[in-house]
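Read the structure below first, then the notes.
Just the heavy atoms: all of them, side chains too, but no hydrogens, waters or symmetry mates, feed the values below. In what follows, every chain begins at residue 1, and chains take the letters A, B, ... in the order their sequences are listed.
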2 protein chains.
Amino acid sequence: MGDTTDQLDRAFAALADPTRRDLVARLAIADATVGELAEPYEMSFQAVSKHVKVLEDAGLVTRSRDAQRRPVHLNAEALDQMTQWIERYRREAEARFSRLDALLARTAEGDGNRPTIKEKES
Amino acid sequence: MGDTTDQLDRAFAALADPTRRDLVARLAIADATVGELAEPYEMSFQAVSKHVKVLEDAGLVTRSRDAQRRPVHLNAEALDQMTQWIERYRREAEARFSRLDALLARTAEGDGNRPTIKEKES
DNA sequence: GCCTTATTCAACCAGTGGGTTGACAATGAT
DNA sequence: ATCATTGTCAACCCACTGGTTGAATAAGGC
């Protein structure tokens, strides 16, 4: 359990940084080396290297070796796991709201107070 | 622009904490007060209050007032914005992989080296 | 072997984050 | 008015993070 938790911790934390989100956005288009990734930013090359490491530790990217280069590759599966988590609760919440809306609509219509309502809430 | 960025920063950072993800999971089922939310955890009441504030600043929850209580309500829209962001790039990446897979499959089939291939990569 | 390219590691600094405890504020009940 | 309930604010501690610079490693080119 701690395993999955840690992974989600790291994944969400990784995407909490705008630079790293930008890296992900660019890696969605094409794999790239750290050097290529670092080029557009003001910050030092090493800083970007660190950012990439954070993404890697979060499982969001993987790396292979090609001579001196270590091309960075986006891991779509990790992104999928994140949406899985979010969507589960979003759907739960929305389902609940819809039910509530329906309830309120029925009550407001004036033909309310039917005893069919048994959504215990306390 | 900084606006949306900040919001995503905060939202992802908020969900990077396991306690806060648990809060979200519970709020998906039902609204709750800070007191109710704090009850199951070992940590102090104030710590949970802080966590809720982080979720609120991230736009993930909203709060109303009911006498002394300030019930916390999950904001499904904020969750949706997060999935929007993630899914955009996941889809881009996956589309690219599919294209690449198809390319490799064609090449491997032996009827390869058709000049239709012009995915310049260098 | 020596030089270049690409990348990481190590040490450091300032800022932030999660936790604590203790005091304060807001609202309702008596 | 006083008390109880519910929650926030403030100050503090320690760990972690994002950034820096400088040195080290890894792999190829000559």
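- Of the side-chain N and O atoms in Thr33(A), one or more sit less than 4.0 angstrom from OP1 or OP2 of dT7(C).
- If you measure from atom CZ of Arg65(A) to atom C1' of dA27(D), you get 7 Å, rounded to the nearest angstrom.
- Minimum atom distance to the side chain of Lys50(B) is reached by dG18(C), of the listed dG18(C), dG28(D), dT7(C).
- Rounded to whole Å, the distance from CZ on Arg63(B) to P on dG7(D) is 8 Å.
- Taking side-chain N and O atoms only, Ser49(A) has no distance below 4.0 Å to OP1 or OP2 of dT7(C).
- Summarising the geometry, atom CG belonging to Asp66(A) is positioned 10.0 Å from atom OG1 belonging to Thr33(A); distances are rounded to the nearest 0.5 Å.
- In this structure, Asp17(A) and Val52(B) both approach DNA chain D, and ranking their closest nucleotides by distance from the 5' end singles out Val52(B).
- Regarding contacts with the backbone of dG19(C), every side-chain N or O of Ser44(B) stays at 4.0 angstrom or more from both OP1 and OP2.
- Closest approach to the Gln46(B) side chain among dG19(D), dA6(C), dT21(C) is made by dT21(C) (side chain taken as heavy atoms from C-beta onward).
- Summarising the geometry, the separation between CD on Glu36(A) and C1' on dT5(C) is reported as 13 Å, rounded to the nearest angstrom.
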- Check step by step if salt bridge (charged side-chain N to carboxylate O under 4.0 Å, His left out) holds for Arg90(A) and Glu87(A). CA-CA 5 Å; Arg90(A) 192 192 60 80; Glu87(A) 282 299 288; 2.7 Å; yes
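- Rounded to an integer number of Å, the gap from Arg70(A) CZ to dT5(C) P is 20 Å.
- With distances taken from any side-chain atom of Ala47(B) to the nucleotides dT20(C), dA27(D), dG28(C), the minimum falls on dT20(C).
- Contact of the Arg21(B) side chain with the Asp9(A) side chain is registered, since non-hydrogen atoms from C-beta on lie closer than 4.5 Å.
- Under 4.0 Å is where a charged nitrogen must lie from a carboxylate oxygen, and between Arg96(A) and Asp31(B) at least one such pair does.
- The separation between Leu55(B) atom CG and dG18(C) atom P is 10 Å, rounded to whole Å.
- A straight line from NE2 of His51(B) to C1' of dG19(C) spans 8 Å, rounded to a whole angstrom.
- Residues Leu60(B) and Met82(B) are in side-chain contact: their nearest non-hydrogen atoms beyond the backbone lie under 4.5 Å apart.
- When rounded to the nearest whole Å, the span between CZ of Arg69(A) and C1' of dA26(D) equals 14 Å.
- To the nearest angstrom, P of dT17(D) lies 16 Å from CG of Asp9(B).
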